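Please read the structure below before turning to the comments.
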Amino acid sequence: NVTFRNPEEILNFLSIVEKYDIAMDMIRGRLIVDAKSLLGLMNLGLNNVAELRVYGDNCNQLRQEISKYMAA
């Protein structure tokens, strides 16, 4: 689960996930957006918890890089 507190965090998150050649979605309720889409992530809103789904194997490096955005 991932959450963003401000627009800058969304931009930083995007700069990380765009480096990976792995498909990713963010899900909040019935809303599903591409995790590499700025407009999609902005649509999820700030201070909301969304589920990050990663469609790939061996994502330990990705998990480490985005750990600061993981919801408690």
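The structure presented is a predicted model; accordingly, all values stated were derived computationally and were not measured.
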Summary of ring-ring contact (aromatic ring centres under 6.0 Å, His included) pairs that have at least one residue in residues 26-46, sequence neighbours excluded: none

Is any side-chain heavy atom of L38 less than 4.5 Å from a side-chain heavy atom of L11? yes

Tell me the ring-ring contact (aromatic ring centres under 6.0 Å, His included) pairs involving residues 20-49, sequence neighbours left out? none

Residue pairs meeting side-chain hydrogen bond (donor to acceptor under 3.5 Å, both in side chains), one or both in residues 27-50, sequence neighbours left out, come to none

If the condition is salt bridge (Lys or Arg N to Asp or Glu O under 4.0 Å), which residues does R5 pass it with, not counting sequence neighbours? E9

Could you list who else is in V49's hydrophobic cluster, with ILVMFWY side chains joined at under 4.5 Å, directly or through other members? none

Provide the closest heavy-atom pair for A35 versus L14 in the form atom of the first, atom of the second, distance. O-CD2, 3.6 Å

Take atom CE of M42 as the centre, draw a 6.0 Å sphere, and report whether it contains more than 12 heavy atoms from other residues, nucleotides or ligands. no

I66 side chain reached by L52 side chain, heavy atoms, under 4.5 Å: yes

By salt bridge (Lys or Arg N to Asp or Glu O under 4.0 Å) - contacts of K19 (at least two apart): E65

Interatomic distance, CD1@I16 vs CG@L62, rounded to 0.5 Å, equals 8.0 Å

Is the closest side-chain heavy-atom distance between L46 and I10 below 4.5 Å? yes

Considering only residues two or more places apart or on different chains, which pairs with a residue in residues 40-72 satisfy ring-ring contact (aromatic ring centres under 6.0 Å, His included)? F4-Y69, F13-Y69

Specify the closest pair of heavy atoms between I22 and C59, including all atoms of both residues, with the distance to one decimal. CD1-SG, 4.0 Å

So, using salt bridge (Lys or Arg N to Asp or Glu O under 4.0 Å) as the criterion, who are the partners of R53 when residues are at least two apart? E51

After noting the C-alpha distance and the side-chain angles of V33 and L39, does the key distance pass the side-chain contact (heavy atoms from CB on, under 4.5 Å) rule? CA-CA 9 Å; V33 300; L39 290 176; over 6 Å; no

With sequence neighbours left out, the residues meeting side chain to side chain contact (heavy atoms under 4.5 Å, CB included) with E8 are N6, N12

